[in-house]
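Notes for the one structure printed next.
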Amino acid sequence: MGFDYNCYTGRWPFSKSRKVDFNSLRLIHERYGITKGYVSSLDAILYNDPTEGDLELYDVVKGTGYEIVPSLNPLLPNIERDYKIADGTMEYRSVRFYPSIHGYDYDCPEFIEAVDMAHDRDKAVFIQTSFGDPRLDYLLTQRMPDISKLPGLIEGAGNTVIVLCNLRIFEIVQLAEFFRNRSNLYYDMSELKHSMFAIEELAGNGILGNAVFGSFFPMFDFSGAYIHFKGTEQSTRDDILGRNIFERGTE
Amino acid sequence: MIIDIHAHLWGGAYIENKRQIIRSAELFGFNRVFISSIQSYNPDEEEIEFLNNLTLGFMKEEPELIGGFVYLNPRHNNKTEVMKRNIGEGMNGVKIWVSVLCDDPSVNEIAENCIRMNVPVLVHSFHKATGQLENETTSVNVRTLALRYPELRIIMAHMGGNPYHGLRCIHDLPNVFPDISGTPIGRGEIDYAVSQVGVSRLLFGTDMPYGGRQCIAQIEDSSLSEDDKKMVYYKNAMKVLGIDGI
(Lines give C-alpha, C1' and ligand atoms only; values in the text may rest on other atoms or scores of the structure.)
Protein backbone atom coordinates (compact mmCIF):
# COMPACT_ATOMS: atom_id res chain seq x y z
CA MET A 1 0.00 0.00 0.00
CA GLY A 2 1.36 3.38 -0.98
CA PHE A 3 -0.14 6.84 -1.22
CA ASP A 4 0.77 9.86 -3.34
CA TYR A 5 -0.83 12.91 -1.77
CA ASN A 6 0.42 15.43 -4.29
CA CYS A 7 -0.37 14.52 -7.88
CA TYR A 8 -2.26 16.00 -10.79
CA THR A 9 -3.69 15.44 -14.19
CA GLY A 10 -4.68 17.99 -16.78
CA ARG A 11 -2.90 20.66 -18.76
CA TRP A 12 -0.48 23.27 -17.48
CA PRO A 13 -0.48 25.72 -20.33
CA PHE A 14 3.10 26.99 -20.13
CA SER A 15 4.84 24.14 -21.93
CA LYS A 16 4.09 21.19 -24.14
CA SER A 17 2.11 18.61 -22.21
CA ARG A 18 4.02 15.44 -21.51
CA LYS A 19 2.46 12.53 -19.60
CA VAL A 20 -0.23 14.66 -18.01
CA ASP A 21 -3.21 12.33 -18.44
CA PHE A 22 -4.65 10.10 -15.74
CA ASN A 23 -3.40 6.87 -17.32
CA SER A 24 0.18 8.17 -17.29
CA LEU A 25 -0.20 8.92 -13.60
CA ARG A 26 -1.52 5.45 -12.85
CA LEU A 27 1.22 3.79 -14.88
CA ILE A 28 4.01 5.53 -13.06
CA HIS A 29 2.31 4.86 -9.72
CA GLU A 30 2.07 1.16 -10.56
CA ARG A 31 5.75 1.07 -11.45
CA TYR A 32 6.67 2.37 -8.01
CA GLY A 33 4.07 0.51 -5.97
CA ILE A 34 1.81 3.47 -5.32
CA THR A 35 -1.72 2.15 -4.98
CA LYS A 36 -3.65 5.35 -4.52
CA GLY A 37 -3.29 8.95 -5.57
CA TYR A 38 -4.98 11.99 -4.12
CA VAL A 39 -5.27 13.80 -7.39
CA SER A 40 -6.17 17.37 -8.31
CA SER A 41 -6.84 19.03 -11.63
CA LEU A 42 -4.20 21.29 -13.14
CA ASP A 43 -6.92 22.85 -15.27
CA ALA A 44 -9.02 23.74 -12.23
CA ILE A 45 -6.22 25.88 -10.77
CA LEU A 46 -6.33 28.31 -13.68
CA TYR A 47 -9.99 28.04 -14.59
CA ASN A 48 -12.02 31.11 -13.70
CA ASP A 49 -14.36 28.66 -12.00
CA PRO A 50 -12.25 25.84 -10.50
CA THR A 51 -15.29 23.62 -9.97
CA GLU A 52 -15.54 23.13 -13.73
CA GLY A 53 -12.11 21.52 -13.70
CA ASP A 54 -12.93 19.47 -10.63
CA LEU A 55 -16.08 18.09 -12.21
CA GLU A 56 -14.13 17.17 -15.36
CA LEU A 57 -11.56 15.35 -13.26
CA TYR A 58 -14.16 13.61 -11.10
CA ASP A 59 -15.62 11.99 -14.21
CA VAL A 60 -12.18 10.53 -14.88
CA VAL A 61 -11.24 9.29 -11.40
CA LYS A 62 -14.53 8.03 -10.00
CA GLY A 63 -14.56 4.28 -9.63
CA THR A 64 -10.77 3.97 -10.06
CA GLY A 65 -9.83 3.82 -6.40
CA TYR A 66 -8.16 7.22 -6.63
CA GLU A 67 -9.61 10.20 -4.80
CA ILE A 68 -10.21 13.63 -6.20
CA VAL A 69 -8.94 16.60 -4.21
CA PRO A 70 -11.03 19.56 -5.32
CA SER A 71 -9.17 22.83 -5.90
CA LEU A 72 -10.42 25.92 -4.13
CA ASN A 73 -9.70 29.60 -4.56
CA PRO A 74 -10.91 31.34 -1.39
CA LEU A 75 -10.65 34.77 -3.00
CA LEU A 76 -13.60 33.95 -5.21
CA PRO A 77 -16.90 35.09 -3.73
CA ASN A 78 -19.10 32.65 -1.82
CA ILE A 79 -16.61 29.77 -1.56
CA GLU A 80 -19.30 27.87 0.35
CA ARG A 81 -20.92 27.32 -3.06
CA ASP A 82 -17.84 25.36 -4.23
CA TYR A 83 -18.01 23.13 -1.15
CA LYS A 84 -21.72 22.56 -1.73
CA ILE A 85 -21.11 21.54 -5.35
CA ALA A 86 -18.42 19.11 -4.20
CA ASP A 87 -20.65 17.82 -1.37
CA GLY A 88 -23.46 17.18 -3.82
CA THR A 89 -21.54 15.61 -6.68
CA MET A 90 -18.31 14.00 -5.48
CA GLU A 91 -16.89 11.54 -3.01
CA TYR A 92 -14.00 13.48 -1.53
CA ARG A 93 -12.17 13.72 1.80
CA SER A 94 -9.87 16.66 1.21
CA VAL A 95 -9.47 19.98 -0.56
CA ARG A 96 -6.43 21.77 -1.97
CA PHE A 97 -5.38 25.44 -1.83
CA TYR A 98 -2.84 27.36 -3.93
CA PRO A 99 -1.91 30.60 -2.17
CA SER A 100 1.17 31.29 -4.33
CA ILE A 101 -0.84 30.97 -7.52
CA HIS A 102 -4.09 32.58 -6.43
CA GLY A 103 -2.33 35.34 -4.54
CA TYR A 104 -3.13 35.38 -0.84
CA ASP A 105 -1.27 34.97 2.41
CA TYR A 106 -1.71 32.48 5.23
CA ASP A 107 -3.47 35.06 7.37
CA CYS A 108 -5.94 36.04 4.66
CA PRO A 109 -9.41 36.06 6.30
CA GLU A 110 -11.06 34.39 3.30
CA PHE A 111 -8.48 31.60 3.41
CA ILE A 112 -8.96 31.08 7.14
CA GLU A 113 -12.71 30.94 6.61
CA ALA A 114 -12.33 28.41 3.80
CA VAL A 115 -10.13 26.21 6.03
CA ASP A 116 -12.79 26.49 8.74
CA MET A 117 -15.35 25.22 6.24
CA ALA A 118 -13.14 22.21 5.55
CA HIS A 119 -12.91 21.61 9.30
CA ASP A 120 -16.70 21.78 9.65
CA ARG A 121 -17.00 19.11 6.97
CA ASP A 122 -14.24 16.94 8.45
CA LYS A 123 -12.13 17.34 5.30
CA ALA A 124 -8.35 17.32 5.21
CA VAL A 125 -6.61 20.38 3.83
CA PHE A 126 -3.72 20.26 1.36
CA ILE A 127 -1.85 23.53 1.05
CA GLN A 128 0.51 24.02 -1.90
CA THR A 129 3.07 26.24 -0.22
CA SER A 130 4.62 26.76 -3.65
CA PHE A 131 3.84 25.46 -7.10
CA GLY A 132 7.29 24.68 -8.38
CA ASP A 133 10.32 26.93 -8.30
CA PRO A 134 9.12 30.55 -8.45
CA ARG A 135 12.42 31.63 -10.01
CA LEU A 136 11.44 29.82 -13.18
CA ASP A 137 7.96 31.27 -13.74
CA TYR A 138 8.60 34.03 -16.20
CA LEU A 139 5.08 33.96 -17.64
CA LEU A 140 3.01 33.45 -14.50
CA THR A 141 4.78 34.75 -11.40
CA GLN A 142 4.02 33.13 -8.07
CA ARG A 143 3.61 35.37 -5.06
CA MET A 144 5.17 33.38 -2.26
CA PRO A 145 3.25 33.61 1.01
CA ASP A 146 5.07 34.48 4.20
CA ILE A 147 5.92 31.19 5.87
CA SER A 148 6.07 32.83 9.29
CA LYS A 149 2.29 33.14 9.12
CA LEU A 150 1.73 29.41 8.67
CA PRO A 151 1.72 28.54 12.38
CA GLY A 152 -1.10 30.97 13.02
CA LEU A 153 -3.24 29.40 10.33
CA ILE A 154 -2.54 25.89 11.55
CA GLU A 155 -3.16 26.70 15.22
CA GLY A 156 -6.52 28.19 14.26
CA ALA A 157 -7.50 25.08 12.33
CA GLY A 158 -7.77 22.89 15.43
CA ASN A 159 -7.56 19.17 14.72
CA THR A 160 -8.03 19.51 10.97
CA VAL A 161 -5.59 17.29 9.12
CA ILE A 162 -3.27 19.56 7.15
CA VAL A 163 -0.65 18.54 4.59
CA LEU A 164 1.87 21.18 3.56
CA CYS A 165 2.88 20.32 0.01
CA ASN A 166 6.01 21.49 -1.79
CA LEU A 167 7.50 22.88 1.38
CA ARG A 168 11.27 23.12 0.82
CA ILE A 169 13.47 21.17 3.19
CA PHE A 170 14.94 24.21 4.90
CA GLU A 171 11.39 25.43 5.51
CA ILE A 172 10.39 22.05 6.93
CA VAL A 173 13.36 22.17 9.29
CA GLN A 174 12.52 25.76 10.17
CA LEU A 175 9.08 24.53 11.30
CA ALA A 176 10.43 21.39 13.00
CA GLU A 177 9.27 22.30 16.49
CA PHE A 178 5.83 22.97 15.12
CA PHE A 179 5.67 19.58 13.35
CA ARG A 180 6.92 17.70 16.40
CA ASN A 181 4.01 18.89 18.49
CA ARG A 182 1.28 17.95 16.04
CA SER A 183 0.05 14.55 14.90
CA ASN A 184 -2.40 16.12 12.44
CA LEU A 185 0.21 18.13 10.53
CA TYR A 186 2.23 16.69 7.66
CA TYR A 187 4.62 17.73 4.93
CA ASP A 188 5.18 15.96 1.64
CA MET A 189 8.42 14.88 -0.04
CA SER A 190 8.13 16.70 -3.33
CA GLU A 191 10.58 19.54 -2.59
CA LEU A 192 13.47 17.83 -0.84
CA LYS A 193 15.73 18.58 -3.80
CA HIS A 194 18.08 20.88 -1.91
CA SER A 195 19.53 18.02 0.13
CA MET A 196 21.34 14.86 -0.92
CA PHE A 197 20.43 13.14 2.35
CA ALA A 198 17.09 14.70 3.15
CA ILE A 199 15.54 11.78 4.97
CA GLU A 200 18.48 11.61 7.35
CA GLU A 201 18.19 15.34 7.92
CA LEU A 202 14.48 15.08 8.67
CA ALA A 203 15.02 12.11 10.96
CA GLY A 204 17.73 14.04 12.75
CA ASN A 205 15.21 16.77 13.46
CA GLY A 206 12.75 14.23 14.84
CA ILE A 207 10.05 14.94 12.26
CA LEU A 208 10.12 11.95 9.95
CA GLY A 209 6.80 10.87 11.46
CA ASN A 210 5.17 13.88 9.83
CA ALA A 211 6.35 12.95 6.32
CA VAL A 212 4.01 11.68 3.65
CA PHE A 213 4.81 10.88 0.07
CA GLY A 214 3.90 13.43 -2.58
CA SER A 215 5.44 13.49 -6.04
CA PHE A 216 4.02 16.70 -7.55
CA PHE A 217 3.75 14.68 -10.76
CA PRO A 218 3.48 15.68 -13.59
CA MET A 219 4.84 19.12 -12.73
CA PHE A 220 7.97 17.38 -11.42
CA ASP A 221 9.48 14.09 -12.49
CA PHE A 222 7.96 11.37 -10.33
CA SER A 223 11.34 9.99 -9.34
CA GLY A 224 12.46 13.39 -8.10
CA ALA A 225 10.70 12.66 -4.83
CA TYR A 226 10.94 8.87 -4.83
CA ILE A 227 14.72 8.89 -5.28
CA HIS A 228 15.09 10.20 -1.73
CA PHE A 229 14.27 6.69 -0.52
CA LYS A 230 17.46 5.33 -2.08
CA GLY A 231 19.86 4.37 0.66
CA THR A 232 17.20 4.39 3.38
CA GLU A 233 15.83 1.46 5.35
CA GLN A 234 12.94 -0.42 3.75
CA SER A 235 10.93 0.19 6.92
CA THR A 236 11.39 3.97 6.54
CA ARG A 237 10.18 3.77 2.96
CA ASP A 238 7.20 1.64 3.94
CA ASP A 239 6.28 3.95 6.83
CA ILE A 240 6.24 7.07 4.70
CA LEU A 241 4.61 5.58 1.62
CA GLY A 242 1.93 3.86 3.68
CA ARG A 243 1.14 6.72 6.01
CA ASN A 244 -2.63 7.19 5.96
CA ILE A 245 -3.46 10.72 7.03
CA PHE A 246 -7.12 9.95 7.28
CA GLU A 247 -6.61 7.16 9.81
CA ARG A 248 -4.02 9.02 11.87
CA GLY A 249 -5.96 12.22 11.86
CA THR A 250 -8.90 10.66 13.64
CA GLU A 251 -6.90 8.77 16.24
CA MET B 1 29.46 4.97 -15.74
CA ILE B 2 28.53 8.44 -14.49
CA ILE B 3 30.51 11.68 -14.58
CA ASP B 4 29.19 14.53 -12.47
CA ILE B 5 30.52 17.61 -14.22
CA HIS B 6 29.22 20.13 -11.69
CA ALA B 7 29.66 19.85 -7.93
CA HIS B 8 31.07 22.10 -5.23
CA LEU B 9 32.86 22.47 -1.99
CA TRP B 10 31.54 25.48 -0.13
CA GLY B 11 34.27 27.38 1.63
CA GLY B 12 32.54 27.37 4.97
CA ALA B 13 31.49 23.73 5.00
CA TYR B 14 34.01 21.83 3.00
CA ILE B 15 34.60 18.98 5.44
CA GLU B 16 30.90 18.11 5.52
CA ASN B 17 30.68 18.68 1.75
CA LYS B 18 33.48 16.23 1.07
CA ARG B 19 31.76 13.60 3.18
CA GLN B 20 28.49 14.11 1.31
CA ILE B 21 30.13 13.95 -2.11
CA ILE B 22 31.94 10.71 -1.29
CA ARG B 23 28.79 9.14 0.16
CA SER B 24 26.75 10.25 -2.84
CA ALA B 25 29.27 8.86 -5.28
CA GLU B 26 29.17 5.51 -3.51
CA LEU B 27 25.38 5.46 -3.33
CA PHE B 28 24.70 6.47 -6.92
CA GLY B 29 27.75 5.07 -8.65
CA PHE B 30 29.43 8.29 -9.75
CA ASN B 31 32.81 7.38 -11.19
CA ARG B 32 34.12 10.93 -11.38
CA VAL B 33 32.95 14.14 -9.75
CA PHE B 34 34.32 17.47 -10.98
CA ILE B 35 34.20 20.12 -8.32
CA SER B 36 34.92 23.77 -7.87
CA SER B 37 35.16 25.49 -4.50
CA ILE B 38 33.15 28.66 -4.05
CA GLN B 39 32.15 30.94 -1.21
CA SER B 40 31.56 34.69 -1.59
CA TYR B 41 30.16 36.41 -4.67
CA ASN B 42 33.20 38.68 -5.13
CA PRO B 43 36.18 36.81 -3.72
CA ASP B 44 39.52 38.55 -3.32
CA GLU B 45 42.78 36.97 -4.40
CA GLU B 46 43.40 35.42 -1.01
CA GLU B 47 40.00 33.74 -0.96
CA ILE B 48 40.48 32.45 -4.49
CA GLU B 49 43.75 30.84 -3.46
CA PHE B 50 42.16 29.29 -0.37
CA LEU B 51 39.27 27.88 -2.39
CA ASN B 52 41.40 26.45 -5.17
CA ASN B 53 43.63 24.84 -2.58
CA LEU B 54 40.53 23.13 -1.15
CA THR B 55 39.80 21.71 -4.59
CA LEU B 56 43.39 20.57 -5.07
CA GLY B 57 43.41 19.01 -1.62
CA PHE B 58 40.28 17.00 -2.35
CA MET B 59 41.69 15.92 -5.73
CA LYS B 60 44.78 14.63 -3.97
CA GLU B 61 42.79 12.89 -1.24
CA GLU B 62 40.51 11.16 -3.76
CA PRO B 63 42.44 11.04 -7.04
CA GLU B 64 40.28 8.35 -8.60
CA LEU B 65 37.05 10.21 -7.89
CA ILE B 66 37.64 13.94 -7.88
CA GLY B 67 38.55 16.28 -10.69
CA GLY B 68 38.58 20.04 -10.43
CA PHE B 69 37.79 23.36 -12.03
CA VAL B 70 39.89 26.41 -11.20
CA TYR B 71 37.69 29.07 -9.65
CA LEU B 72 38.60 32.51 -10.98
CA ASN B 73 37.48 36.05 -10.40
CA PRO B 74 38.02 37.61 -13.83
CA ARG B 75 38.60 41.02 -12.23
CA HIS B 76 41.87 39.86 -10.68
CA ASN B 77 45.14 40.81 -12.32
CA ASN B 78 46.68 37.45 -11.44
CA LYS B 79 43.97 35.32 -13.05
CA THR B 80 46.19 33.89 -15.77
CA GLU B 81 48.85 32.96 -13.25
CA VAL B 82 46.25 31.30 -11.00
CA MET B 83 44.76 29.44 -13.93
CA LYS B 84 48.09 28.16 -15.24
CA ARG B 85 49.24 27.03 -11.81
CA ASN B 86 46.07 25.06 -11.07
CA ILE B 87 45.69 23.54 -14.52
CA GLY B 88 49.33 22.56 -14.16
CA GLU B 89 48.43 20.84 -10.88
CA GLY B 90 45.88 18.72 -12.71
CA MET B 91 42.64 20.70 -12.77
CA ASN B 92 40.48 20.17 -15.81
CA GLY B 93 38.85 23.53 -16.55
CA VAL B 94 37.84 26.94 -15.27
CA LYS B 95 34.81 27.95 -13.22
CA ILE B 96 33.28 31.43 -13.42
CA TRP B 97 30.49 32.18 -11.00
CA VAL B 98 28.86 35.55 -10.27
CA SER B 99 31.68 38.07 -9.87
CA VAL B 100 31.24 39.26 -13.49
CA LEU B 101 28.91 38.50 -16.37
CA CYS B 102 30.55 35.92 -18.57
CA ASP B 103 30.63 38.24 -21.57
CA ASP B 104 32.41 40.97 -19.62
CA PRO B 105 35.68 41.96 -21.36
CA SER B 106 37.60 40.80 -18.28
CA VAL B 107 36.70 37.21 -19.26
CA ASN B 108 38.39 37.45 -22.65
CA GLU B 109 41.84 36.67 -21.28
CA ILE B 110 40.46 33.58 -19.54
CA ALA B 111 38.63 32.45 -22.68
CA GLU B 112 41.78 32.78 -24.75
CA ASN B 113 43.77 30.86 -22.14
CA CYS B 114 41.15 28.08 -22.13
CA ILE B 115 41.44 27.75 -25.90
CA ARG B 116 45.21 27.77 -25.69
CA MET B 117 45.30 25.20 -22.87
CA ASN B 118 42.48 23.11 -24.40
CA VAL B 119 40.20 23.16 -21.34
CA PRO B 120 36.54 24.13 -21.00
CA VAL B 121 35.04 26.93 -18.97
CA LEU B 122 32.09 26.18 -16.69
CA VAL B 123 29.86 29.23 -16.47
CA HIS B 124 27.14 29.67 -13.89
CA SER B 125 24.01 30.64 -15.79
CA PHE B 126 20.59 31.14 -14.21
CA HIS B 127 17.75 33.28 -15.39
CA LYS B 128 15.48 34.11 -12.44
CA ALA B 129 12.04 35.56 -12.81
CA THR B 130 12.45 36.76 -9.23
CA GLY B 131 15.52 38.87 -10.02
CA GLN B 132 19.19 38.34 -10.86
CA LEU B 133 22.22 38.91 -8.72
CA GLU B 134 24.11 41.96 -9.95
CA ASN B 135 26.55 40.00 -12.10
CA GLU B 136 24.65 36.77 -12.60
CA THR B 137 25.04 35.41 -16.10
CA THR B 138 22.10 34.26 -18.20
CA SER B 139 22.15 32.38 -21.46
CA VAL B 140 22.08 35.71 -23.28
CA ASN B 141 25.58 36.44 -21.96
CA VAL B 142 26.66 32.87 -22.72
CA ARG B 143 25.59 33.35 -26.32
CA THR B 144 27.67 36.49 -26.64
CA LEU B 145 30.76 34.79 -25.24
CA ALA B 146 30.24 31.70 -27.41
CA LEU B 147 29.93 33.77 -30.57
CA ARG B 148 32.99 35.78 -29.61
CA TYR B 149 35.04 32.60 -29.13
CA PRO B 150 33.64 29.77 -31.27
CA GLU B 151 36.63 27.56 -30.38
CA LEU B 152 35.95 27.89 -26.65
CA ARG B 153 34.12 24.96 -25.06
CA ILE B 154 31.55 26.43 -22.68
CA ILE B 155 29.63 24.41 -20.11
CA MET B 156 26.43 26.36 -19.47
CA ALA B 157 25.37 25.46 -15.94
CA HIS B 158 21.82 24.51 -14.98
CA MET B 159 20.63 24.61 -18.61
CA GLY B 160 20.49 28.35 -18.01
CA GLY B 161 18.27 27.95 -14.93
CA ASN B 162 15.01 27.73 -16.76
CA PRO B 163 15.60 25.54 -19.81
CA TYR B 164 12.70 27.13 -21.66
CA HIS B 165 14.46 30.45 -21.31
CA GLY B 166 18.05 29.32 -21.49
CA LEU B 167 18.29 26.81 -24.30
CA ARG B 168 16.78 29.00 -27.00
CA CYS B 169 19.85 31.24 -26.78
CA ILE B 170 22.40 28.53 -27.42
CA HIS B 171 20.51 25.96 -29.48
CA ASP B 172 22.58 26.73 -32.59
CA LEU B 173 25.96 27.05 -30.89
CA PRO B 174 27.89 23.76 -31.02
CA ASN B 175 30.52 25.02 -28.57
CA VAL B 176 28.00 25.39 -25.72
CA PHE B 177 27.21 22.35 -23.61
CA PRO B 178 24.33 22.77 -21.13
CA ASP B 179 24.60 20.84 -17.88
CA ILE B 180 21.46 19.69 -16.07
CA SER B 181 22.73 20.36 -12.57
CA GLY B 182 20.88 22.15 -9.84
CA THR B 183 17.39 22.68 -8.71
CA PRO B 184 15.38 22.82 -11.93
CA ILE B 185 13.28 19.70 -11.74
CA GLY B 186 10.30 20.18 -14.05
CA ARG B 187 8.85 17.13 -15.70
CA GLY B 188 9.87 16.88 -19.34
CA GLU B 189 12.80 19.28 -19.18
CA ILE B 190 15.28 16.71 -20.47
CA ASP B 191 13.00 15.80 -23.36
CA TYR B 192 12.66 19.49 -24.14
CA ALA B 193 16.42 20.01 -23.93
CA VAL B 194 17.07 17.16 -26.35
CA SER B 195 14.55 18.66 -28.76
CA GLN B 196 16.47 21.94 -28.66
CA VAL B 197 20.17 21.03 -28.58
CA GLY B 198 20.24 17.30 -29.30
CA VAL B 199 21.56 14.62 -27.00
CA SER B 200 25.23 15.02 -27.88
CA ARG B 201 25.65 18.32 -26.00
CA LEU B 202 23.83 17.61 -22.74
CA LEU B 203 25.98 16.99 -19.68
CA PHE B 204 25.10 15.36 -16.38
CA GLY B 205 25.77 17.32 -13.21
CA THR B 206 24.28 17.60 -9.76
CA ASP B 207 25.38 20.83 -8.06
CA MET B 208 26.17 18.76 -4.96
CA PRO B 209 26.12 19.27 -2.08
CA TYR B 210 23.25 21.64 -2.81
CA GLY B 211 20.97 18.76 -3.78
CA GLY B 212 21.34 16.64 -6.84
CA ARG B 213 19.27 13.47 -6.54
CA GLN B 214 16.62 15.01 -8.77
CA CYS B 215 19.14 15.28 -11.60
CA ILE B 216 19.43 11.49 -11.73
CA ALA B 217 15.64 11.26 -11.56
CA GLN B 218 15.33 13.62 -14.51
CA ILE B 219 17.50 11.41 -16.68
CA GLU B 220 15.83 8.21 -15.56
CA ASP B 221 12.31 9.56 -16.11
CA SER B 222 13.11 11.08 -19.50
CA SER B 223 12.42 9.49 -22.86
CA LEU B 224 16.13 8.96 -23.53
CA SER B 225 17.20 5.55 -24.83
CA GLU B 226 19.80 3.64 -22.84
CA ASP B 227 22.47 4.65 -25.37
CA ASP B 228 21.46 8.29 -25.13
CA LYS B 229 21.59 8.14 -21.34
CA LYS B 230 25.20 7.00 -21.61
CA MET B 231 25.98 10.06 -23.69
CA VAL B 232 24.48 12.36 -21.08
CA TYR B 233 25.87 10.49 -18.10
CA TYR B 234 29.49 10.41 -19.29
CA LYS B 235 30.35 10.26 -22.99
CA ASN B 236 29.63 13.92 -23.70
CA ALA B 237 31.57 14.95 -20.60
CA MET B 238 34.62 13.01 -21.72
CA LYS B 239 34.48 14.85 -25.02
CA VAL B 240 34.15 18.28 -23.41
CA LEU B 241 36.87 17.59 -20.87
CA GLY B 242 39.15 16.06 -23.47
CA ILE B 243 39.68 12.89 -21.49
CA ASP B 244 39.86 9.44 -23.02
CA GLY B 245 39.13 7.15 -20.14
CA ILE B 246 38.24 7.09 -16.51
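In this structure, chain B has no heavy atom under 4.5 Å from any part of A:Lys16. Contacts of A:Asp133 with chain B are made by side-chain atoms alone, with heavy-atom separations under 4.5 Å and no backbone atom involved. With a 4.5 Å cut-off on non-hydrogen atoms, A:Met219 touches chain B through its backbone but not through its side chain. For chain B, no part of A:Glu191 is nearby; none of its heavy atoms comes within less than 4.5 Å. If you measure heavy-atom distances from A:Phe216 to chain B, you find no contacts under 4.5 Å at all. Of the two parts of B:Glu220, neither the backbone nor the side chain holds a non-hydrogen atom closer than 4.5 Å to a non-hydrogen atom of chain A. Both the backbone and the side chain of B:Tyr192 have a heavy atom closer than 4.5 Å to some heavy atom of chain A. Contact of A:Ser195 with chain B is made through the backbone alone, with heavy-atom distances under 4.5 Å.
B:Asp221 and A:Phe222 get closest at one heavy-atom pair: OD2-N, 3.2 Å. What you find for B:Arg187 and A:Phe217 is that their closest heavy atoms are CD-CE1, 4.1 Å. Taking every heavy atom of both residues into account, B:His127 and A:Leu136 meet most closely at O-CD2, 4.4 Å. Counting all heavy atoms, side chain and backbone alike, A:Pro134 lies closest to B:Ala129 at O-CB, 4.0 Å.
Within 6.0 Å of CZ on A:Phe170 lie more than 12 heavy atoms contributed by other residues, nucleotides or ligands. Around the CE atom of A:Met144, the shell of radius 6.0 Å holds more than 12 heavy atoms that belong to other residues, nucleotides or ligands. Around CZ of B:Arg168, the count of heavy atoms belonging to other residues, nucleotides or ligands within 6.0 Å does not exceed 12. Within a 6.0 Å radius of CG in A:Asn48, no more than 12 heavy atoms belonging to other residues, nucleotides or ligands are found. Annotation: A:Arg11, atom CZ; neighbour count of heavy atoms from other residues, nucleotides and ligands within 6.0 Å does not exceed 12. The 12-atom threshold is not exceeded at CD of B:Glu134, counting heavy atoms of other residues, nucleotides or ligands nearer than 6.0 Å.
By the side-chain contact (heavy atoms from CB on, under 4.5 Å) test, B:Ala146 is found to be paired with B:Ile154, B:Leu173, B:Asn175, B:Val176, residues two or more places apart in sequence or in another chain being considered. For B:Glu47, the side-chain contact (heavy atoms from CB on, under 4.5 Å) partners at least two apart in sequence or on another chain are B:Gln39, B:Ser40, B:Pro43, B:Asp44, B:Leu51.
For a heavy-atom cut-off of 4.5 Å, chain A lies close to B:Gln20, B:Arg23, B:Ser24 in residues 5-26 of chain B. Of residues 193-211 of chain B, those residues lying under 4.5 Å from chain A by any heavy-atom pair are B:Met208, B:Pro209, B:Tyr210, B:Gly211.
For the pair A:Phe220/B:Gln214, no side-chain contact is recorded, criterion being any heavy-atom separation below 4.5 Å from C-beta on.
The most heavy-atom pairs under 4.5 Å with chain A, out of B:Leu27, B:Ile216, B:Asp191, come from B:Leu27.
Cation-pi geometry between B:Arg213 and A:Tyr226 is not met at under 6.0 angstrom from the ring centre and within 45 degrees of the axis.
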